[in-house]
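The next block holds one structure in the form of structure tokens; read it before the comments.
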Amino acid sequence: MRSNFIHRSALLLLACAVPVLLGGSRAGADSLSLAEARRRAREGNFDLLAARSDVDQAAAQQIVAREIQNPSLSLSSDSTVAVSQLVELRSHRTLRRAASDHGAEAARERFADARRTLDAAVVKSYAAAALAEENARLLSEAAASLRQSAAIARERLSAGDISTAEERQIEVEADRFDADAKAAEAAARTARITVDVLLGTPRPAGDWQVADSLSALAQAAEGIAAARALPRPDLLAAEASLKRADADLALQKALRVPAPTVQLQYQRDPQPPSPAATIGLGVELPLWNRRGGEVAAAEVTRDHAARERARVAAQVAADQATAAASFANAHERWQSYRSTILPKAEEVRTSVVYAYQNGGAPLLALLEAERSASQVRLAVAQAAADTITAGADLASARNVPFLETKP
């Protein structure tokens with residue numbers, strides 16, 4: 001009888017062994033990979049579409065800057081026809097076009113920066129959804145493990161080895177894990193809805209599952225630490241805005257020299273001599289208005305653009321230093337939990353469960369081992385998610401892609 005009990009206990013112990021933590025991809029018909037999420041966000045995110053409109057508007061301003069002012073036609077009752085044409089000075093036209101070109105460049109870089117920040121937001125929201133799903137899975141496994149121990153406890157109860165209170169205590173603990181698992185599932189749905197919003201989904205519902213595991217994404221983030229930083233689009237946009245301000249200031253100063261207006265007039269008079277054609281040249285006399293206000297305003301704009309460029313450059317350096325330190329810390333913690341702490345916790349749990357199922361350990365030792373192992377598993381998942389989040393921040397700070405292909 002005793003040997004049969006031990007045999008059944010061993011089989012149950014093997015059945016409740018915890019699967020490999022943070023396994024590979026969990027793709028399915030209703031799954032979404034991070035690579036697909038990033039692609040869809042670039043195509044449908046509402047804020048990114050608005051930034052693209054700014055690029056189109058800047059391109060339209062380039063067309064305006066290259067257009068030549070239309071001539072003016074006037075007719076009078078004394079049979080006089082006059083056509084006048086403003087002749088823009090070459091320096092004016094060159095500076096106007098330069099300002100519009102730098103404005104368009106700044107708009108394109110702002111769009112690239114919006115995409116950079118969107119990518120980071122998608123990665124972090126996806127990691128939050130993956131973490132919540134992983135937590136739900138781990139808590140469900142912990143509850144299942146306790147219920148299998150409860151089945152053994154019922155046999156020991158029948159044999160008079162333990163009390164009814166001890167057997168019920170295991171069931172209560174299993175129920176707690178089940179309740180926590182349901183809460184994690186609700187959190188996962190909320191996190192998936194957040195991802196849907198970033199993707200520009202018309203009706204965000206979060207009715208999908210993550211396809212990439214936390215461990216795979218955390219391992220993919222490891223390559224970012226060695227990646228060389230690329231020029232940040234927010235800094236490039238600030239530099240382009242400074243160049244535009246320089247061109248605008250130079251243009252306002254150049255406009256102190258007025259552009260001439262050429263006039264061609266044809267007059268037909270009933271009295272001789274008739275008809276008569278004349279050519280005239282007109283120019284504004286800068287006696288009272290020397291464009292002092294316009295030049296002063298352009299100088300203020302230029303000084304502001306220079307300060308903004310310096311501020312962004314300092315922010316880029318700070319972002320990269322902070323992100324590198326945060327990623328190193330998160331990655332080291334994940335490696336420590338995964339490689340050292342988790343195996344020890346699982347070893348202790350396995351030993352205690354086996355001892356309890358064979359009457360060699362008290363109930364409190366079993367519950368403590370289960371709780372400790374569960375906490376460590378959850379901590380490993382959290383550390384992996386933190387590594388992914390820190391990797392997303394580091395990739396954004398260095399303007400390198402977090403993920404080129406599906407892990």
Side-chain angles (χ1 to χ4, degrees), residues 12-26 124 127-150 152-153 169-188 191 210 212-222 326-358 360-391:
L12 285 170
L13 177 62
L14 291 174
C16 71
V18 180
V20 177
L21 184 65
L22 302 174
S25 296
R26 299 182 293 278
K124 291 191 282 189
L131 173 62
E133 288 189 14
E134 186 69 7
N135 286 344
R137 183 182 71 83
L138 293 173
L139 290 166
S140 295
E141 288 179 355
S145 175
L146 278 172
R147 294 198 188 284
Q148 289 169 337
S149 293
I152 300 276
Q169 210 168 346
I170 297 178
E171 293 181 352
V172 168
E173 197 68 19
D175 290 340
R176 287 182 55 190
F177 277 120
D178 274 335
D180 290 343
K182 291 179 181 178
E185 289 172 358
V210 297
D212 300 325
S213 70
L214 283 171
S215 61
L217 293 176
Q219 288 172 359
E222 292 176 337
S326 297
F327 177 78
N329 177 268
H331 183 261
E332 181 180 0
R333 182 158 40 89
W334 176 55
Q335 292 286 21
S336 177
Y337 267 108
R338 184 179 64 161
S339 303
T340 304
I341 301 176
L342 179 62
K344 291 179 180 179
E346 292 294 350
E347 181 180 356
V348 170
R349 173 196 165 275
T350 301
S351 299
V352 174
V353 169
Y354 183 81
Y356 175 79
Q357 291 172 344
N358 290 276
L363 173 64
L364 290 179
L366 171 67
L367 297 180
E368 179 60 29
E370 288 285 6
R371 291 193 198 103
S372 177
S374 178
Q375 289 173 356
V376 171
R377 294 177 203 136
L378 294 175
V380 173
Q382 183 64 61
D386 291 343
T387 300
I388 298 167
T389 298

Grab the two heavy atoms, one from [X] and one from [Y], that are nearest each other, plus how far apart they are.
X	Y	result
A221	G391	CB-CA, 4.3 Å
V353	E370	CG2-OE2, 3.7 Å
A143	A174	CB-O, 3.6 Å
A132	A187	CB-C, 3.9 Å
A191	A128	CB-C, 4.0 Å
A384	A218	O-CB, 4.0 Å

Lys/Arg-Asp/Glu bridge criterion (N-O < 4.0 Å) met for [X], [Y]:
X	Y	result
R176	E173	yes
R137	E141	yes
R377	E346	yes

Closer than 3.5 angstrom, by distance alone: can the side chain of [X] be matched with the main-chain N or O of [Y] as a donor-acceptor pair?
X	Y	result
S339	Q335	yes
E134	L214	no
S336	E332	no

**Request:** State, with a plain yes or no, whether a side-chain heavy atom of L139 is found less than 4.5 Å away from one of S374.
**Result:** yes
Distance (rounded to the nearest 0.5 Å) between [X] [atom1] and [Y] [atom2]:
X	Y	atom1	atom2	result
L217	I388	CG	CD1	4.5 Å
E171	R147	CD	CZ	7.0 Å
S372	L367	OG	CG	12.5 Å
W334	E222	CH2	CD	5.0 Å

**Other residues, nucleotides, ligands: >12 heavy atoms within 6.0 Å of E347 CD** = no
**Item:** Heavy atoms of other groups near F177 CZ, more than 12 under 6.0 Å
**Value:** yes
**Message:** Less than 3.5 Å apart, any donor N or O on the side chain of R349 or S145 sitting next to an acceptor on the other?
**Reply:** yes
**Inter- and intrachain pairs under side chain to side chain donor-acceptor pair (under 3.5 Å), touching residues 380-390, at least two apart** = R333-D386, Q382-D386
